[in-house]
Amino acid sequence: MRYSAYSIIKQALSGNRLWTPAWREPEPKPHYDVIIVGGGGHGLSTAYYLAKEFGITNIAVLEKGYIGSGNVGRNTTIIRSNYLLEGNIPFYEFSLKLWEGLEQDFNYNAMVSQRGVMMLAHSDGQRDAYARRGNAMRMHGVDAELLDRKQLQTLMPYLNYDHARFPILAGLLQKRGGTVRHDAVAWGYARGADMRGVDIIQHCEVNAIRRDEQGRVTGVETNKGFIGCNKLALATAGHSSETARMAGLELPIETHVLQAFVSEGIKPVVDHVIVYGAGHFYISQSDKGGLVFGADIDYYSSYAQRGNLATVEHTMEEGVSLIPGLSRGKVLRAWGGVMDMSMDGSPIIDRTPIDNLYLNAGWCYGGFKATPASGFCFAHLIAKNESHHVSRFLRLDRFERGHMIDEAGKGPQPNIH
Amino acid sequence: MASLITCPHCGTRPKEEFSIRGTALGRPHPAVSEEDWHRYVYLRDNPKGRYQEYWHHAAGCRRWLVVDRDNVTHDVFGVTDAATFGRVGE
Amino acid sequence: MTSYRLGNAGSVNRGQPLTFTFDGKNYKGFEGDTLASGLLANDQMLMGRSFKYHRPRGPVTAGSSEPNALMTIGTGARSEPNVRATVAELYNGLTAVSQNRWPSLTFDVGAVNGLLSPMLGAGFYYKTFMWPAALWEKLYEPVIRRAAGLGKLAMQADPDRYEKSWAHCDLLVIGSGPTGLMAALAAGRAGARVILVDEGFRLGGSLLSESASIGGVSPADFAAAMIEELEALPNVTLMPRTTVFGWYDDMVFGAVERVQKHVGTPSPDLPMERLWRIAAKRAILATGSEERPLVFGGNDKPGVMTASAVRTYANRYGVAAGGKIAVFTNGGSGYRTAADLVAAGVDVTAIIDARAQSADAVPDNVRVIRNGAVVSTKGRKRLEALIAERSGFQEQIACDALAMAGGWSPIVHLMCQRGAKPVWSDEAQAFLAPDVGAAFIAAGSAAGQDRISACLKDGATKAVALARELGFAAYEMNIPEVEGEYDPAFAPIWYVPGARDKAFVDFQNDVAVSDLGLAQREGFRHIEHTKRYTTAGMATDQGKLGNVATIGIVAGMRGVSPAAIGTTTFRPFYTPVSFGALAGTSRSEHAAPVRTSPLHDWAKKNGATFVEAGLWHRSAWFPREGEKGWRDSVDREVKNVRRNAGLCDVSTLGKIEIFGKGAAEFLNRIYCNNFLKLPVGKARYGLMLREDGMIFDDGTTSRLSETHYVMTTTTAYAAEVMSHLEFASQTFWPELDVRFVSSTDQWAQMSLAGPKARAIISRVVEDDISDAAFPYLAAKPVTLRGGLKARLFRISFSGELAFELAVPAGYGEAVADALMEAGKDEGICAYGVEALNVLRIEKGFITHNEIDGRTTPDDLGYGRMLAMQKADFIGKRQSSRFGLTAADRMQLVGLKPVEVDKEFMAGAHLLKEGATPSMANDQGWVSSVCHSPTLGHVIGLAMLKSGRERYGEKIVVWDGLRGKEVAAAVCPPVFADPDNRKLQE
Amino acid sequence: MSLTLFHQHVLEDHLSGFEAKANPNHLAAIRRPAIFSVLAHRGHEVFVKSGLASIEGVQVRDCAPGEWLVVSTGLGAVVMENTLAEIAGASVIDQSDGRALLRIHGPNVRRILAKCVAVDLHPDGFAVGTSTNMLCCHVAVNLARSGGDTFEIVVPRSFCGSVFEEIMEMGREFALTAAFADS
Ligand SMILES: Cc1cc2nc3c(=O)[nH]c(=O)nc-3n(C[C@H](O)[C@H](O)[C@H](O)COP(=O)(O)OP(=O)(O)OC[C@H]3O[C@@H](n4cnc5c(N)ncnc54)[C@H](O)[C@@H]3O)c2cc1C
Ligand SMILES: NC(=O)c1ccc[n+]([C@@H]2O[C@H](COP(=O)([O-])OP(=O)(O)OC[C@H]3O[C@@H](n4cnc5c(N)ncnc54)[C@H](O)[C@@H]3O)[C@@H](O)[C@H]2O)c1
Ligand SMILES: Cc1cc2nc3c(=O)[nH]c(=O)nc-3n(C[C@H](O)[C@H](O)[C@H](O)COP(=O)(O)O)c2cc1C
Ligand SMILES: [Zn+2]
């Protein structure tokens, strides 16, 4: 069913009784051309683009929980392409372009809101680093502006200019950055994929990967039985090491928990996405009025979707330090997501040494914004067996070759990227 | 775990006193193969469940500890000084 | 206006009247009232508007699960939005205003949304606002965003203080009803350290609201006696006004105490709120149970409340919820409510009981409609009547309040925050607390006990068991006789269909049964999908009232048991917690501790401007009269250092004392260059790599004796380097005899640089520091004239003849003064980190601008330092990877503008002449830039592809971000004294 | 030329302005304690520890296995240095200027310190004489119980101003006062 204002009025007149499911609940077929493990943003968008752009529709997406139960449903919804390195900028910019046309493309309003992402600098060194980044973006045709303190004071008068421990000196603004409604992304891609014949199978957990004598992947064992496939694509985010291990593969990834928070609904006060450079705090306000924010990870390995009070407090300390006016607001809910922190902080979209096995992983806390491009490039890789040119650097063997894409410059310690 | 860690030297302390480094791996012999070095520096078993991890008691005794824990339930099974970890009977 | 205050009922202090305002109107209440009870006493039932449809709303509860009666309390910087009037303690002068309405609470334009409600059902926005695409940004989104939220946040700095505290106990008891009081007393008498918390401003929980006789006295008097005994026990801490909001790993509970939320003029010596982290050996969940609303058309009219709320208003606050109150019940609670109201003299029009029969006692003269149901309601801003139905016949019953009793749900929230899910019980028709192990157990009503007597017993028994487990000699408690308690048993009904009006499950978010149906039809069948699609349970009350009904109704629609549907995930916070409390003192200037140098005061009196460097405040430059800006000062300082001498505070550099017979070998493995043969009395520059072959930090290490070294690190990496050394020594090579301790704070360290440095220092130091006796890179203990022991290093970060003198921190200021005095005739000046930066750029020395975690020694021209012949050093094996040795890597170069009056800035990128700016053409970037007073123009350090082969090449410094493009010449990265002649002088 | 050099306490600026009269809850900043780090080398831990225990007029504070701070308000740094130098198997370094010594006591001292440290200081668990490193007001310090309701905190000098101010803030509700003391 096509969604529009017309369909809403028409359905309303018939008591909203005739709406149909956004996606089917099929039983798995014995065999698919492509099986995608993981019904998160990346798995669903991969299925969508495979069907829509590359003509492959005999696909199953297997999700162990409900679709969107992973990180796509628990992130702080920030989208941007303000990266520094050659391996990342073109990829994230491609993603941002796809976001810009997404609603029309999949006929679902995911509320892409290009309200601007502001990254604040609190020292000369940091300002120089942002200048370097802004110039790198500009070189690639990506929008970037460097604002000084005065301009910031006009744009965001509520920030802490006068009593800051770390003064606000400048800000790197990407106006085209912003937020997207997280759940709608999963649902929109799911609906779009389902309409094109993709089987979305929820509550179907992959427990093992079956390989033939040559070592080629032939299918997966699940709680719903064996399902065969020609190609197997892993898009399991924080669980990547677990699923890759089923094929005997060890990854440059450690799993960590990141918390996120939402405040009570309040009237609009924060118009942009703001990132605090003296800490790690980032914040935006949802269309319902909740301030959505987060900061550092909890630093220890965790597969539990919940975090620690010390990190909660630390987040609020940074928040109130940056925006003193938050103090009398109230935090409503905290949750966590488990993330695939990679060894250089950048993702992997690649074939693996194992035939028929494709990998999409290592998104750390930045993979939501990548959802469209990740799906598109992964679909490209699966369909054509070669990397899309914007994802050509995101290779699994880059560490062995010494071509790390280390945006933070922190080296091989995943929890500090 | 993640709220309180019992340091074998200092007693029970809040997470804030520690910094965390990742899997408690042994550093390979300097002469082993490229592949082994790559594995040590970049590849991680990253199991879901029982896990040994380096924690540094930065605000306490400044000893590196190995925290043996479950990364799903967050139960802690034991905390040992890293210098003696895995060296029993050495 | 009629008064709904009842004769002498309740425990408010009638001797202490209070005045307050709501929406500008004055009201009177009493001490002990909540804002809601105060308003109800004045017949002000309308207290808020719902989020989506702006429906008029009154309170549904008398507690913390309130979804409707949210207001903004206080004014200006002290105003707080979304306060639940049902728990806000009344104080004199309180001002409250209603929210989410325009222009007023009684007349709210936003209510037109209600007319459009058929089109605004669950998820409508996902399906529309897409055409034309351009309108989304311009029209739709701004409109949606403007409708967002409930109250307004003033966004001003908070004038009040907040603080945090730890607490430790054997037993934490959460909730001070009959269960919690008995538990606390049982363990307290046994000598255990007990903390009893309750979110209420008075301890006693439901005892304050119930009518019965416990041990011959009223529940409230019984509670008072218990509290008196508890207060007298030194090992028991009572914490009213404290909400436990979260249960974290290792039995740490987060709680927030509202220290001064209830006072008109807060004391500056006390915090507004205090955050508690309670580390408990054991805990008892005695949080009671929540009465469920019933779901029928128009169940959200102001005046429709839970029966226990109506009872609480009457029994505790002495307020009648209405003049004519009807009761809709599925269990004993409705009858008890009717009885209490009748006893207080309130008119009860009817009890509508969903059940065919029951054993509950009916108060005299009250009509009971059995097998009945309320199908809909009349009235707009206040309930006027209800339509009851029995066997197909409908009847309108006039009433201005309706007490609904829909059964009970144990409050198990906290126990489910660490992953365990509550368990559906068919018998209790409720979700019960999960088993989370022996350390944290539920008791009383939270554990499904339904009578006061049972709660008393359960609390006592469980606390005794826990206390004994911890080794305390606990004795069984005498459980007082309870008379006149009622039976709260019930028979669930999830939904009464039949009305045109919406039947709400989530009041604040306006989620109605029809939305739940739509979600099921559209495939959002998993309860988490249902929640996310309809937003049921996502409002400020987090579905405390409505979630169980939602689950029951969805189960009904699907023809399964609620057990098959399950609950959504329970998360902190139990009730919303202020940012302020969670942030505590760590905010604004106190966001992080400040580190001050021992030369801070010296710099200050010399007029320094300070800059933050990590946690430190460092002197940046020293302006003098007549200088127009910082550049003037910095230029002067630089020139003076090159011509005469300057004194710079370098105390912030990390200093690590390294001891042991294994220290030499250890350092040799830590640094990529050779350290084994460093002689005693000498310093050496070293590069430390990470294991991946990239530079980690640099600095000098000096050998003070065979087995004693002192290492200096950069200011920024001091802590990391220390941890790194400890890591290496404790985990890699514990067999090496080496020990460290930081002495950063012990020393005031000053760099004295410039051609006249030696002359000046020799006036202060007794030892011979001639070039022969104290050559370049000498490092030795010295004695100052007068006898003070110090350390002197002949190292330079400026390219000039320079010394670093370290003296015990307490003498720092005095020694710096002495040096300034000694150098007066030589023209000494103080210089700051800005001049230091210029001096090092002129000399081509690197900092973390260049070592950004992606550079190898060779990138910086230090390739020869890599002592690959060493058997081992950190970073050795990964250094030879292709990507780290490729010929086109970026290498450190210098840059000079082709036209000397042109300037460029750090952060610019590099392009070949004539190349268009694009990623493919990117040749590198500028890492450090300064105006060089020595050369008279801007100079820069840059990382350039194959840079060392390109000296002499003309290159474009491209700064599109700041609209600048300048031609520059690539040159070696050393601008001043390339042959190091000055260093050797 | 001989120099006469004045020694500055790090809290010099912070403490001027505080009333001289000590309230029941009081914080004293000790003017010139001698404080040394002692590090035992491998295999010498027990020996060094007993050596330290035999020195009179000093307090030995536990930091880590084989690491102590030796504190004295009576002995001067020179005497202390010479005494410690006699212990074989130990490395010793003067930290008297690198650390400040704060002594806080009073009936509410635990309530105040509970806002500064996470460690349970209940008298039953934290006996007189106990000492250990811990986080206090976001800074790593060494805290010791030196008497019934008396605790001593050794704070790195550069952080001392921050820690002092924070403790005073936490003591506000209990009218905490502060002053210098010589011992
Ligand atoms: C708190 C938080 C905040 C974040 N904020 C941002 C942000 O602001 N901007 C941004 O760009 N990114 C952000 N991220 C990162 C982003 O959410 C993730 O990188 C991204 O969602 C990961 O891709 P995904 O959507 O496919 O993952 P997921 O949604 O996690 O999908 C993976 C799916 O695989 C399923 N799965 C796993 N194992 C199996 C198996 N064996 N069988 C079947 N199914 C399986 C999981 O159940 C899951 O649904 C944030 C992440 C978190 C946790
Ligand atoms: N479960 C049932 O079926 C049922 C039904 C009707 C009445 N009752 C009655 O309810 C009473 C139950 O007694 P009880 O002692 O178990 O509970 P209670 O309701 O008397 O006390 C619970 C207390 O816990 C506090 N609380 C809840 N969550 C908190 C938190 N997170 N932090 C701090 N405080 C919190 C509440 O403010 C309340 O004061 C009995 O009188 C019983 O008869 C039970
Ligand atoms: C961007 C965003 C906004 C959210 N806003 C709300 C909100 O307004 N109210 C709410 O209860 N939860 C909100 N949540 C949190 C969800 O309820 C939920 O906690 C989160 O998606 C994680 O799922 P889980 O708690 O079921 O594990 C929001 C989540 C996200 C990602
Ligand atoms: Zn320790």
Side-chain angles (χ1 to χ4, degrees), chain A residues 3 5 8 12 16 19 21-23 66 86 103-104 108-109 113 128 131-132 134-135 138-140 144 146 158 160 163 165-166 183-184 264-269 287-289 308-309 313 316-317 319-321 324-335 401-403 406 409-412, chain C residues 80-82 118-119 121 126-130 144-145 148-153 155-158 248 254 518 521-523 526 528-529 532 540 571-572 576-580 582-583 586-589 591-592 612 690 692 694 852-854 881-884 906-907 909 917-919 922 925 960-961:
Chain A
Y3 291 160
I8 287 189
N16 285 314
W19 289 105
W23 52 83
Y66 58 93
E86 192 187 5
E103 279 134 6
Q104 278 67 31
Y108 205 80
N109 188 353
S113 168
D128 293 350
R132 174 184 171 197
N135 275 316
R138 289 258 189 144
M139 279 202 153
H140 196 79
L146 193 65
Y158 48 82
N160 193 353
H163 298 285
R165 173 71 177 80
F166 305 101
D183 285 333
E264 292 184 341
I266 47 168
K267 295 291 173 202
V269 282
D287 287 344
K288 282 198 344 236
N308 176 287
L309 181 57
E313 293 175 36
M316 307 306 155
E317 289 169 1
V320 174
S321 294
L326 292 182
S327 183
R328 283 181 119 91
K330 295 195 285 290
V331 194
L332 174 64
R333 189 173 171 99
W335 61 95
R401 287 186 282 111
H403 286 128
D406 189 349
K410 303 276 188 173
Chain C
E80 179 186 338
N82 302 347
M119 273 160 285
Y126 300 126
K127 299 173 184 157
T128 183
F129 302 130
M130 286 178 275
I144 291 179
R145 289 189 69 193
L150 295 165
K152 286 198 184 90
L153 192 57
M155 289 298 266
Q156 296 174 30
D158 196 321
Y248 298 89
L518 179 64
R521 278 196 291 287
E522 292 200 83
H526 192 285
E528 293 286 2
H529 277 154
R532 286 157 165 78
T540 61
R571 295 276 187 191
V577 179
S578 74
F579 282 83
L582 288 161
S586 297
R587 57 174 77 201
S588 297
E589 287 93 342
E612 289 76 11
R690 299 189 307 230
D692 69 346
M694 302 297 176
D852 68 351
R854 290 174 288 252
R881 281 179 294 167
F882 173 69
L884 276 73
H909 281 239
S918 76
M919 211 67 188
D922 193 0
W925 56 283
L961 191 66

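Scope of the values below: all heavy atoms of this structure, side chains included, with no hydrogens, waters or symmetry mates.
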Heavy-atom distance under 4.5 Å to chain A: side chain of C/E612, backbone, both or neither?
-> side chain
Salt-bridge test for A/D406 and C/R854: reply yes if a basic N is under 4.0 Å from a carboxylate O, no otherwise.
-> no
Side chain, backbone, both or neither: which part of A/D287 has a heavy atom under 4.5 Å from chain C?
-> both
Interatomic distance, C/Q156 atom CD to A/Y158 atom OH [nearest 0.5 angstrom] = 15.0 Å
If you tally heavy-atom pairs under 4.5 Å between each of A/G329, A/S327, A/A22 and chain C, the highest tally belongs to A/S327
Counting heavy-atom pairs under 4.5 angstrom with chain A, the leader among C/G121, C/A157, C/S586, C/A591 is C/S586
Closest non-hydrogen atom pair, C/G960 against A/N135 = N-OD1, 3.0 Å
Quick one: of C/G523, C/G254, C/A583, who has the most non-hydrogen atom pairs under 4.5 Å with chain A?
-> C/A583
Is any side-chain heavy atom of C/P917 less than 4.5 Å from a side-chain heavy atom of A/R138?
-> no
Could you give the distance from CZ (A/R401) to CZ (C/F882), rounded to the nearest 0.5 Å?
-> 9.0 Å
Would you say C/R521's side chain and A/W19's backbone share a donor-acceptor pair under 3.5 angstrom?
-> no
Would you mind telling me which of A/E103, A/E86, A/K288, A/H403 has the largest number of heavy-atom pairs within less than 4.5 Å of chain C?
-> A/K288
Between C/R532, C/K152, C/E528, which shows the greatest number of heavy-atom pairs under 4.5 Å with chain A?
-> C/R532
Interface residue of largest heavy-atom contact number with chain A, from C/S588, C/A592, C/G853, under 4.5 Å = C/S588
What residue in A/A184, A/G289, A/G402 has the most heavy-atom pairs under 4.5 Å with chain C?
-> A/G402
Closest approach of A/G265 to C/N82 (non-hydrogen atoms, all atoms of both residues) | O-ND2, 2.9 Å
Honestly, the part of C/Y248 sitting under 4.5 Å from a heavy atom of chain A is side chain
Could you walk me through whether C/S918 and A/M139 pass side-chain contact (heavy atoms from CB on, under 4.5 Å), step by step?
-> CA-CA 4 Å; C/S918 76; A/M139 279 202 153; 5.8 Å; no
Would you please classify the geometry between the C/H529 ring and the A/Y66 ring as parallel, tilted or perpendicular, with 30° and 60° separating the classes?
-> perpendicular
Could you tell me which portion of C/M694 (side chain, backbone, both or neither) has an atom closer than 4.5 angstrom to a non-hydrogen atom of chain A?
-> side chain
Write down the atom of C/L150, the atom of A/K267, and the distance for their closest heavy-atom approach.
-> O-CE, 3.2 Å
Is it the backbone or the side chain of C/L884 that comes under 4.5 Å from a heavy atom of chain A, or both, or neither?
-> both
List the atom of A/R328, the atom of C/D158, and the distance in Å for their closest heavy-atom pair.
-> NH1-OD1, 2.7 Å
Please confirm whether the backbone N or O of C/P81 pairs with a side-chain atom of A/K330, one donor and one acceptor, at under 3.5 Å?
-> yes
Can you name the closest pair of heavy atoms from A/V269 and C/L153 and give their distance?
-> CG1-O, 4.0 Å
Of C/R587, C/M155, C/H526, C/R571, the largest count of non-hydrogen pairs under 4.5 angstrom with chain A goes to C/R571
Can you name the nearest heavy-atom pair linking A/R132 to C/H909, along with the distance?
-> O-NE2, 2.8 Å
Are any of the side-chain heavy atoms of C/E522 and A/P21 separated by less than 4.5 Å?
-> no
Would you indicate whether the side-chain heavy atoms of C/T128 and A/Y3 approach each other to under 4.5 Å?
-> no
